[in-house]
Structures are given as C-alpha cells and as structure tokens.
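Okay, so here's the structure we're looking at.
Source: prediction; values computed, not measured.
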Amino acid sequence: MRLFVSEGAPGSLPVLAAAGRAQGREELLISTVGPEECVVPFLTRPKVPVLQLDSGNYLFSTSAICRYFFLLSGWEQDDLTNQWLEWEATELQPALSAALYYLVVQGKKGEDVLGPVRRALTHIDHSLSRRSCPFLAGETESLADIVLWGALYPLLQDPAYLPEELGALHSWFQTLSSQEPCQRAAETVLKQQGVLALRPYLQKQPLPSSFEGRAVSNEPEEEELATLSEEEIAMAVTAWEKGLGSLPPLRPQQNPVLPVAGERNVLITSALPYVNNVPHLGNIIGCVLSADVFARYSRLRQWNTLYLCGTDEYGTATETKAMEEGLTPQEICDKYHAIHANIYRWFNISFDIFGRTTTPQQTKITQDIFQRLLTRGFVFQDTVEQLRCEHCARFLADRFVEGVCPFCGYEEARGDQCDKCGKLINAIELKKPQCKVCRSCPVVKSSQHLFLDLPKLEKRLEEWLGKTLPGSDWTPNARFIIRSWLRDGLKPRCITRDLKWGTPVPLEGFEDKVFYVWFDATIGYVSITANYTDQWERWWKNPEQVNLYQFMAKDNVPFHGLVFPCSALGAEDNYTLVSHLIATEYLNYEDGKFSKSRGVGVFGDMAQDTGIPADIWRFYLLYIRPEGQDSAFSWTDMLLKNNSELLNNLGNFINRAGMFVSKFFGGCVPEMVLTPDDRRLLAHVTLELQHYHQLLEKVRIREALRSILTISRHGNQYIQVNEPWKRIKGSEADRQRAGTVTGLAVNIAALLSIMLQPYMPTVSATIQAQLQLPAPACSILLTNFLCTLPAGHQIGTVSPLFQKLENDQIESLRQRFGGGQLEESLELKAKAPPKPAVVEAMATAGPQQIQVLTDEVTKQGNIVRELKAQKADKNQVAAEVAKLLDLKKQLALAEGKPLETPKGKKKK
C-alpha cells in the first residue's frame, strides 16, 4: 500500500492519524507530494490524500481512507459512526471551510471566524455531554473521532477558537490531540506553522458563499434574508404578482409518448429487477423510486418524458425457481411479474410502461444486434472451461456457484462477481466452488461458446465516453467504476450459456444455447419500448434528440456503462446511448443486510401490511437515499423523521396555513399587502425553489428534498413571528396584517404541494384538493414562486396530513422484521442487565435525531408559553402541552434516559 499526502492539505491530518493506528497490520509506504501532483491517473485534477492499494485500486476520499485503516485494525462498523461521518461531510465541513477561509485567507479574527462553526461545535459538545462518554460513538475511540478531530484540529489547536464553556468538546479534543499518531500527523501536515500552513491550499478554494455557510443549520435566520440584493427581491415580487397568468399552456398528452423535434425529450429507465426475487427497500430506492422522482419532476418541467421498466425474466435463476415451486419457467415469470407490478403500483411508481423481457420483440432485437456484431467481426468462438454439477446434471450459471474470491478471499463470492471487492470473476477461478442448489462440488468441463470482443471495441468506447462524460450527470461512483474497468483493460466476455430458458442464439451449432442474460438484459429496455409502440426507434435510434437517464445500484454500472454501449457501438445502428448514468450506493437494514430467507428487512410486498402509508415509505427512503455512501434503514430514525419533519414541520405548517384561512377568513384567501419583510420572504422562498431545481436537474434527489423542508421551516417561523391568531383580534391594521400573513402562508403551502409531487404524490394531491389549487398550477413547476391562490380564492376543507408513529408500533415492526438479527440481539439482551423496553427501542438514536428533537422541544415550549400568555382556550393549551410532553418523552428515550414518573397530587 502507498499513501500520498501533502503538507498543508487538511485531509492529510485524519488519514495520517488513522494510518498510525493500523501500523504493522500491512506494509505501508507514505509519500509526501506537492499539492499540484496528479497521483490518480484517471482524475483530471490533483487530489490528495490518496491511498493506492496493492490491487492497484485507489481510495481518494478522506473518510474512505480512514475507514480502510480502521477496518485493518479490527474496528467494526456501527450506525452511529456512519451518522457522524455524514454529519461531518454535509454540515461540519461547509461551516469549517468558511471559518478557515475567513481566518487564513481573509485575516479575520474572533467571532467572524467562530461564528460559522459555533453551532457545530456546540452540537458536538452537547452530544458528548448527553452520552457521558469520552468519545463520539462510545467508550472507545472510533473512526468518527479521528475524522472529526482531523477536520477541526487546524482551527481548534488555537485555544482562542475552542470555547471554554464547551467542556466536553475541550476534553475530547485534548484527549485525541495528545495521542502519538495524532501528534505525528499534525507535525507532518502543519510543519509547526499552525493553521497558516493551510494558506496555499485555501487560497485555491472558492470564496464561501452565504448558502454554503448556513449548512450547519436548517433553521431560517434573519441575516440570510438580509444578504439578498434589491434586484433579487424586485424580480421575485414581479414574478409573484404575475401569478397564474405566467404559466405556459400544458403540453398535450400523447399516447404513445414519442420524441418531439425541438423539445427536451427525456427517456428514463430503472434497472430491470430479476423476476424471481421480491424487491426489498434497497432495490426500490436504488432503481424504481429514484427514477420515479426524476420522471415526475421531468413532467412538472413540461419535458417530453417516457419512463419505462420491466422484469428481467430469462436465465438460470428463473429455471431454478421454477423447479423449487413445481412450475414452468413461464408460469414463474407470470406469477412474479404480477407481484412486482402490484408492489410498484402500491408505491405509486408512475411508469409509462412496465414490461418484461420474455417477448418476441426481445428475441428479434437481441438477435439483430448479435448478427450485426457477428458480421462486423466483434464476436468470436472459443472453448470454455465450465463448472458442471453432476448431481444436478447441468452446467452451472455463474450466479449459481459460490466460493472463495481469488482476489480478496471473500468466502461468499458469486461465480460472476465478488460483492466485496467488486471484481469480475470467471466461475472456474473460484476457490472451493459449490453448487448453490445442492452444495456439491462441481467439476470442470469444456463447451463451445461465443465471445464479445470487448478489446476491439475499447477505442470506440473511450471516444464515446470522452464526448459523453464532460457536462453529464454521471454519478461519481459510476465514473469511477467504468474508469477502473478501462484502466485494467477490457477483456473478451462470453455471451452464451448452456441453458434452455433464454433468448435463442441464431447460429448453426449453437441451437442448444441461449444468450447470457448480462448481454441481452439491457436490450430489454429497447424491446419493452418496442412492445409499447411500433415507433420505438424514434426513442432508441435517435441520439441527437433523446436524453437517456438510467437509474440503478452501483453493481449494475458495468452492464449499462460499458457492455451495452460496446454492443450498440459495434452494431453501428445509431442506437441512443446513456447520457446520464445515475447509480446509488447500497441501502442496508439496521445493522446488517436484507435477507428474505432469514426474515430480515422489509420487502416490497410486506410494506403494505405495516399500516404505514406508501408516501411515508417514499419520503423516508428518499430522505436516506444512499447517494454518496451506503446508508441504513432504521426504524427509530423513521419514527423521528415522520414525527419531526413530516408531522411537526411540514404537516404543521400546511395545516396551520389552511386552518387560518378557514377559521379567520371563512375559507376565502384574504387580500395581501406586502411589507418589505414579506418581499424578502418571497425572494428567499424563490431562492430555495431555484436551488431545488438546480439539485433535481443534477439528479441530487436527497438534497432537493431538504429544500422542501427548509421552505416549510421558513413558513413556520414566518407564522410564529407574525402571530396572525393575535392580530386578527386587534385593530384594522392588525387584521389586515393577519390577512397578508395568512395569504402568503397558504400560497407557500400551495408551492410546497407542487414541489412535493415527485416525492409524495398522494400527499401532494391531498394538499391540492384541500386548497382547491387551480388545475394548471398542479401540473407545472416554474423556477419562480407564483401567487397561485389570489385574494378571493375559496379553499376546501382542511384536515391533518400525517399521523404520529408511536414507539410501541415501531418496536413491534422492528421485532417483526428482525429475523436472525433480532434473535442475536435478544441473546445479548438476555445476558445484559434489564432496562426499560422503550429505552432500548430508542437506544440507536444518533446525534442528528437528538438535535432535531431538542429543537422541536424548544419550539413546542415556545408555542405553549405563547398560548398561556394570550390566555387561549384551555383545551387548546392542553393539546399543545400534551404535544410538548410527548416530545420530551421522545427526547428522553432518544438520549437513553429513564422516563420520569408523572407527578401528581398526593392522596389524603
């Protein structure tokens, strides 16, 4: 292994400290390079730190390198550490970058430097204090401690920026800074110059913007509004005043949907699920749900959009499933295709087509592409050594062989690919192979097969990638995977198999073989379109007019970004190739993996039986979408996000805005006379709306969801500050002000209903029905905030949108879907001292959830105090007090504290 670091590069601090922990585990060479030196050959810009593994692969994310060193030293991953790492990347780093820039580049001091990062420092201090542990994730030092220490050290090594009142943070920082690996790392990177050593690095960074500087908080603040220019405010007001009149006419609906010259034609696919598997939550978020959000967004933008998917039905997996269930392969496909369709229908996935690959069109198009490749010299014959199971009396497809990976030693590698190191494998290379069906040891036998000559197509692929990747929205993991394949050099790949259930090979001597599913599965998108319309070539042989977006998990990237493009380029038939390849990382379940056989995790056919509506599942899966790194589904976190973000934030605001119209103005939107503060709010909402558009245009789905919640928070604060429930009882001016606040709030609610449509379509439609939002406004989302509910508009009946999830309900579901993981946890609990069951249920709450709950308790406490001060109706006060007590209970549970016994009067 070789670690490349650079003096003055902040990321070098934590990786050197982590490397010190792993010293002696593997041979490590540390090289100090200049900041402009390109270490990674396939990156266009210099990047340090970088870890070059013995396999030739590179790690160039600070947290990924640190994680690797910690794993070497025997550390086991945990959910709390992952939450801290996500918080460090998304919230601490933007604030810290701004603070260091102000200090080192601009020469600012004191509160100008501490201000951007104070909230983050307080958060760390509070988390350490609450848990009463010396380290972030428990009693021992973890990956999170080293990553956060390395990020903070350049600033906090100056005592002026380590506030004395943050005692827990002070103790934590001093403990880590005194350790030898951390001391050596600081000496290597800062060279006794202190924070000034970072100046050359920071001078090359962009000036921190006001938007980046607020990343540590989702709460709207007054000073943010003040940064808007008068021109921005004036433009926002002008757009608002134009209202519904500025909406363009709706696109006429087509059937079938076909490309239109001069328009933006968007073709969207989600990876075809194997027909014989019931999809779990990870499959759903990785492919169909992510693609559905983008498809719905595309339609709101009036782009000409076709969204398709279908079941991948050929291959040994289907044959084996048919044997298990005593059915024919076709009967298995029919049965499971219906199961898939029902699951996606329940999740409200808006396919234009949901097809399948067992069709005559699939045979016709696959055979045509094959014949074109054959006649152009891109297919050749060769003898293949294959594994044959004598017990099952057949050759084994790669996925039905398991053994030890020849590259990394992983013991459950498949015959085609290792899930641990990601390398492709020929099944005969596996050590200790086993037939997955009967567990006997297969033997090696020879068979004639056809190969796609990928080396001959490599130059064409490189040229295509060179034109496609710049300016495209391929995700970083997709780019990395394809570049890794090309760096190693493409190798011929076998495209036939000794099976019966598949697309027949139209070549003499190969009548008893079918095409390997990885060759023809991606052609399924084309054949599914051909079954939808006989004009399919207008989509699939029209690269000049069609933008193709393909959604998948990262394990499918090679087939979509390399194999199908090579096949299409070699066929020389003007096929439309992927413009934007969107790949997610993996979603885990709690602390492990989904497993149908062990009963671990929620699968698509089970979600409907939980009593939790489909839109809540959609929201939470999209909230934790694994965009930059693997993420984990957590029942505790789902409860917290539902009760805080949906119930107390979004639902609370929309319900209050509508109720004020109904209660104070007879259901009729009042006249709005905008003040300068209102105009700034319009501009700020417009800015957040435009940010939402920027993110979704780049398919950053999870981040765009945050923009919706941020606007809702702005709305809640606007109502709270202006108190329309008080003003409606005051003077004429007060009543007019109450009307303006109510009218503006209900229009923000209307905007949120449209922004929510890609994420929560049923909730979106419910809000629009309650507000009686005019039909044109429901189907188009512009980049400006419009007044869609003008004065005089009559709204409908307003009712709550969300229901609270209860602890006992969630704990019951956790047990129901715990499988083997639950049994293990029960064994551990049996050995541990007994604790209150509800405390155990919430014990996994992380620092972010605790902070959210703390903020909610403060907010609800203010509501109660205000109601008491204005001597509101006792029932109303009692209801809000009950909410406050419940939030305090949730906070206590999240912090792992025992519940206090309610105090009552003593009996005489």
Side-chain angles (χ1 to χ4, degrees), residues 78-80 82-83 280-282 284-285 346-347 587-592 594-595 599-624 631-652 760 763 800-826 828-829 834-854 856-857 860 882-883 885-899:
D78 62 276
D79 190 51
L80 183 55
N82 289 334
Q83 290 175 35
H280 58 63
L281 297 181
I284 290 166
I285 184 59
W346 187 80
F347 274 96
L587 179 74
N588 295 315
Y589 180 77
E590 296 281 357
D591 295 324
F594 290 85
S595 171
V600 175
V602 181
F603 287 71
D605 54 345
M606 302 169 178
Q608 346 182 4
D609 300 328
T610 60
I612 298 173
D615 267 16
I616 306 301
W617 286 105
R618 286 177 63 110
F619 168 82
Y620 182 63
L621 290 173
L622 292 161
Y623 194 97
I624 61 169
S631 62
F633 173 90
S634 161
W635 284 108
T636 299
D637 190 49
M638 186 180 189
L639 176 146
L640 290 167
K641 294 299 183 293
N642 178 82
N643 294 352
S644 59
E645 293 291 9
L646 292 182
L647 192 63
N648 294 341
N649 175 17
L650 186 66
N652 180 51
M760 305 179 79
V763 170
L801 296 169
F802 304 110
Q803 289 187 340
K804 183 182 176 186
L805 292 178
E806 301 291 349
N807 288 319
D808 56 355
Q809 174 189 6
I810 289 300
E811 184 58 22
S812 171
L813 291 170
R814 190 204 310 277
Q815 292 184 23
R816 177 179 163 192
F817 296 108
Q821 292 175 8
L822 179 67
E823 291 169 15
E824 290 170 19
S825 67
L826 288 174
L828 291 173
K829 288 177 187 177
K835 294 181 181 178
V838 277
V839 174
E840 288 185 5
M842 295 292 289
T844 56
Q848 290 173 300
Q849 294 99 313
I850 291 172
Q851 185 62 51
V852 167
L853 282 171
T854 303
E856 292 300 326
V857 167
Q860 188 64 21
K883 285 184 187 176
L885 293 174
D886 186 70
L887 282 168
K888 286 183 175 180
K889 177 182 173 183
Q890 288 184 47
L891 179 58
L893 293 173
E895 292 173 339
K897 294 178 180 177
L899 298 178

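The minimum heavy-atom distance between Trp346 and Ala614, with the atom names listed, is O-CB, 3.2 Å. The shortest non-hydrogen separation linking Leu587 to Phe633 is CD1-N, 3.7 Å. Among all heavy-atom pairs drawn from Glu590 and Ala632, the shortest one is O-CB, 3.5 Å. Between Met638 and Ile612, the shortest heavy-atom contact is CE-CG2, 4.0 Å. Pairing each heavy atom of Asp637 with each of Lys641, the nearest pair is OD1-NZ, 2.5 Å.
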Show your reasoning for whether side chain to side chain contact (heavy atoms under 4.5 Å, CB included) applies to Ser812 and Trp635.
CA-CA 10 Å; Ser812 171; Trp635 284 108; over 6 Å; no
Applying ring-ring contact (aromatic ring centres under 6.0 Å, His included) to Phe817 and Phe603, what does each step give before you reach the verdict?
CA-CA 9 Å; Phe817 296 108; Phe603 287 71; 9.0 Å; no
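Taking the ring-ring contact (aromatic ring centres under 6.0 Å, His included) definition, one finds that Phe802 meets it with nothing, sequence neighbours left out.
There is no side-chain donor-acceptor pair under 3.5 Å between Arg816 and Thr610.
Interatomic distance, CG of Leu805 versus CG of Leu647, reported as 9.0 Å (0.5 Å rounding). The structure places CG of Asn642 at 12.5 Å from OH of Tyr623, a figure rounded to the nearest 0.5 Å. A distance of 13.0 Å separates CG in Leu622 from CH2 in Trp617, rounded to the nearest 0.5 Å. Note that the CD atom of Glu806 and the CG atom of Leu639 stand 8.0 Å from one another [nearest 0.5 Å]. The CG atom of Leu621 sits 10.5 Å away from the CZ atom of Phe619 when rounded to the nearest 0.5 Å.
Other residues, nucleotides and ligands place no more than 12 heavy atoms under 6.0 Å from the CD atom of Gln803.
Put simply, the side chain of Asn648 gets close to the backbone of Asn643: a donor and an acceptor are under 3.5 Å apart.
For the pair Tyr589 and Leu281, the minimum side-chain heavy-atom distance is 4.5 Å or more.
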